[in-house]
Amino acid sequence: MSAILEAKSLNKIYGEGNNKFYALRDVNLKVNKGEFLAVMGTSGSGKSTLLNMLSGLDRPTSGEVFLDGISLTSASEAELTKLRGEKIGFIFQFFNLIPVLTAEENVSLPLFILGKYDDQTKKRVFDLLNLLGIGHLASSRPSDMSGGQQQRVAIARALVTEPKIILADEPTGSLDSRTSKEILDIMRHFCDEMNHTIVMVTHDAKVASYAHRIVFMEDGKLIDELNLKNSSQSVSQRVVEITRRIEGELV
Ligand SMILES: Nc1ncnc2c1ncn2[C@@H]1O[C@H](COP(=O)(O)OP(=O)(O)OP(=O)(O)O)[C@@H](O)[C@H]1O
Ligand SMILES: [Mg+2]
């Protein structure tokens, strides 16, 4: 399997001298095409720092990140902005939709920014809205939608540029459990059936149980990994196993 994203010996140090603090410590990670990877760890363990390095939003103190074979570490700020726009889709906890724009306009926005809005990509906007079951809401604004509907719009927006990878930080953190399940089923489906690649940060074992693989962080290090790709366990059995790993982390 080919790695679409690779982190090599990543270190991120904040502060200097006695105040030196390792937010990431020798992190090595490969994400394969079509993989749904969850990153778990307690608050402050370095999850968001890692995502920021993987997206080129921030630079590591040492080490390297390769996205689709391109080194983010040696890219200029302008190149990074372009790479992010073209190759990465983002999904956030609070959806981050633009309130004055309709669903169609929110999803189209990344295409306008890239100068790629045309008849063909316009069709893609509607195809995605339909695929996500919100075609009828194309002309609605976020304030007229439920949380789950807004997150579907955000997923369409993340996918519209056909990115190499989707990065999600607590994508179901502000949704109720039934809506979370719907969104996670969609995310898993996009990986299983359409070969999309997702890296998702979460605190929640139930949320992580939808991933193919989980890596566990503590104090800036990757300390454990759990492969669920071919697991025949039920969701509740998986949650028990994930919780056991997390608790192992704390002893
Ligand atoms: N700009 C910064 N300057 C100094 N320390 C920082 C900075 N950004 C993050 N840190 C520290 O690095 C550590 C990792 O932070 P990070 O935000 O990655 O944690 P997290 O795992 O995402 O936590 P949470 O689950 O609360 O979002 C924390 O101890 C944090 O205080
Ligand atoms: Mg965080």
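Both ligands and their constituent atoms are indexed starting at 1 by order of listing. Just so it is clear, the model here is predicted, and its values are computed rather than measured. All heavy atoms count here, side chains included; hydrogens, waters and symmetry mates do not.
The contact set between ligand 1 and S48, taken as ligand atoms under 4.0 Å from a residue heavy atom, comprises 17 (O), 18 (O), 20 (P), 22 (O), 27 (O). The atoms of ligand 1 that sit less than 4.0 Å from any heavy atom of H203 are 25 (O). Close approach to T49 involves these atoms of ligand 1, each under 4.0 Å from a residue heavy atom: 14 (C), 15 (O), 16 (P), 18 (O).
In terms of protein heavy atoms, atom 28 (C) of ligand 1 is closest to G44 O, 3.7 Å. Considering only non-hydrogen protein atoms, atom 25 (O) of ligand 1 sits nearest to K47 NZ, 2.8 Å. Annotation: atom 29 (O) of ligand 1 to nearest protein heavy atom, F21 CZ, 3.4 Å. Of the protein's heavy atoms, Y14 CE1, 3.5 Å lies nearest to atom 10 (N) of ligand 1.
For S9 (side chain) and G63 (main-chain N/O), no donor-acceptor pair under 3.5 Å exists by modelled atom type.
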Legend entry - Full working for side chain to side chain contact (heavy atoms under 4.5 Å, CB included) between I91 and M200: CA-CA 9 Å; I91 304 173; M200 168 181 74; over 6 Å; no

Inset, instruction - Any chance you could lay out the side chain to side chain contact (heavy atoms under 4.5 Å, CB included) test for L222 and N28, step after step, and finish with the verdict? - result: CA-CA 8 Å; L222 291 187; N28 290 287; over 6 Å; no

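By the 4.0 Å N-to-carboxylate-O rule, R59 lies close enough to E77 to be salt-bridged with it. Contact check on K181 versus D185 returns a salt bridge, with a Lys/Arg side-chain nitrogen under 4.0 Å from an Asp/Glu carboxylate oxygen.
The residue from H212, R213, R238 that alone fulfils the side chain to side chain contact (heavy atoms under 4.5 Å, CB included) condition with L228 is R238.
Here F112 and Y117 bring their ring centres to under 6.0 angstrom of each other.
Remark: among candidates A23, S43, G15, G46, the nearest residue to atom 24 (P) of ligand 1 is S43, based on non-hydrogen atoms.
Heavy atoms of T42 come nearer than 4.0 angstrom to ligand 1 in at least one pair.
Other residues, nucleotides and ligands contribute over 12 non-hydrogen atoms within 6.0 Å of the NZ atom of K47.
Here M217 has no heavy atoms under 4.0 Å from ligand 1, in either its backbone or its side chain.
At least one protein heavy atom sits closer than 4.0 Å to atom 2 (C) of ligand 1. Per-atom contact check: atom 31 (O) of ligand 1 does not touch the protein, criterion being a heavy-atom distance below 4.0 Å.
With a cut-off of 2.8 Å, the Mg ion (ligand 2) has an N, O or S atom of S48 in range.
Checked by atom type, the side-chain pair T61/N11 shows no donor-acceptor distance below 3.5 Å.
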